Amino acid sequence: FKQHKNDIYQKIHAEPGEGIIVIHSATTEENTKELVNKAVYEKFDLEQGPLIRVHVIPQTSGAHVILIVVHHIVSDAWSLNNLHVQLNELYLHTSKQQKLSQNGQWQYKEYAIWQRKLVSQPSEQQHKTFWEQKFQTIPLPLELPEDFSRSDVKTASGDSVYLFLD
């Protein structure tokens, strides 16, 4: 992401940059826990990236741990589910349990190009004008009851999802 004056722009790199995939030396389970904790709490640089990091941690036992750390600004539940499905498919393919499907899924870069072409068409100006008029007056936020009040101290607390492939 780049900031110019008060606007923030997304920058899509043509090729993945350094640091996206980190391959560690073979290690023990105890050292793996330390590596995982360190990787999970490593801060993201929104301007320089990467905003997704993949750590491959070979174990001395011959197994491998793959840790994927993703900043929430570049992902959502649907995308993470797609990633999970594709990784599982790739794993089954490499272990010769099934063929790799060719389901024609788009890459984000292809989607962005399609979207830019779509919004540059003259007919899209009507849609844009409609929504600009619709949002000229924005309703007040809803005042919904809460179970608990928000903490005065901002934290980066999150959750972890573990997936073990046999």
Side-chain angles (χ1 to χ4, degrees), residues 1-119 146-166:
F1 293 88
K2 296 285 183 192
Q3 185 168 353
H4 179 70
K5 297 182 182 177
N6 290 332
D7 294 324
I8 297 176
Y9 298 93
Q10 180 182 17
K11 180 180 181 184
I12 301 172
H13 298 279
E15 294 296 324
E18 278 187 41
I20 289 179
I21 299 177
V22 180
I23 301 177
H24 299 272
S25 301
T27 189
T28 63
E29 186 176 332
E30 190 61 36
N31 287 341
T32 298
K33 289 178 184 176
E34 290 176 29
L35 286 170
V36 167
N37 280 332
K38 183 179 176 190
V40 166
Y41 289 105
E42 183 179 345
K43 293 189 181 292
F44 288 97
D45 182 337
L46 293 178
E47 233 177 88
Q48 298 300 316
L51 300 180
I52 181 170
R53 295 187 286 258
V54 179
H55 294 262
V56 179
I57 310 169
Q59 303 295 284
T60 51
S61 66
H64 289 76
V65 172
I66 298 177
L67 172 67
I68 303 172
V69 185
V70 183
H71 192 282
H72 66 92
I73 202 166
V74 295
S75 185
D76 58 13
W78 181 81
S79 300
L80 289 176
N81 184 58
N82 281 343
L83 178 63
H84 173 248
V85 167
Q86 290 175 357
L87 283 174
N88 188 48
E89 185 179 301
L90 187 60
Y91 174 78
L92 291 173
H93 171 72
T94 56
S95 63
K96 308 289 188 238
Q97 294 178 19
Q98 77 178 32
K99 288 188 175 187
L100 204 53
S101 72
Q102 299 294 326
N103 57 7
Q105 288 188 339
W106 285 19
Q107 297 296 317
Y108 181 77
K109 194 162 69 170
E110 295 165 326
Y111 172 78
I113 291 168
W114 171 79
Q115 186 72 25
R116 281 191 198 127
K117 286 179 184 175
L118 183 67
V119 297
E146 301 173 339
D147 292 344
F148 55 89
S149 60
R150 186 180 290 232
S151 171
D152 291 337
V153 178
K154 184 179 176 183
T155 69
S157 299
D159 198 2
S160 298
V161 177
Y162 296 92
L163 172 68
F164 297 94
L165 300 173
D166 293 325

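All of these numbers come straight from a predicted model, not from anything done at the bench.
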What residues form a side-chain contact (heavy atoms from CB on, under 4.5 Å) with Phe164, not counting sequence neighbours? Tyr162

Check ring-ring contact (aromatic ring centres under 6.0 Å, His included) between His24 and all other residues, then give those that pass, not counting sequence neighbours. His55

Please identify each residue that fulfils side-chain contact (heavy atoms from CB on, under 4.5 Å) with Ile68, with sequence neighbours left out. Ile52, Val54, Ile66, Val70, Leu83, Leu87

According to side-chain hydrogen bond (donor to acceptor under 3.5 Å, both in side chains), who are the partners of Asp76, at least two apart in sequence or on a separate chain? Ser79

Residue pairs passing the side-chain hydrogen bond (donor to acceptor under 3.5 Å, both in side chains) test with at least one member in residues 57-74, sequence neighbours excluded, are Thr32-Gln59

If you define the side chain from C-beta out and look only at heavy atoms, does anything of Asp7 sit under 4.5 Å from Lys5? no

Hey, mind stepping through Val69 and Phe44 against side chain to side chain contact (heavy atoms under 4.5 Å, CB included) and telling me if it holds? CA-CA 10 Å; Val69 185; Phe44 288 97; 3.6 Å; yes

As an exercise, state the distance from CG of Leu92 to CG of Asn88, rounded to the nearest 0.5 Å. 4.5 Å

So, using side-chain hydrogen bond (donor to acceptor under 3.5 Å, both in side chains) as the criterion, who are the partners of Thr27 when residues are at least two apart? Asn31

Taking all non-hydrogen atoms of both residues into account, name the closest pair between Glu42 and Arg53 and its distance. O-NH2, 3.0 Å

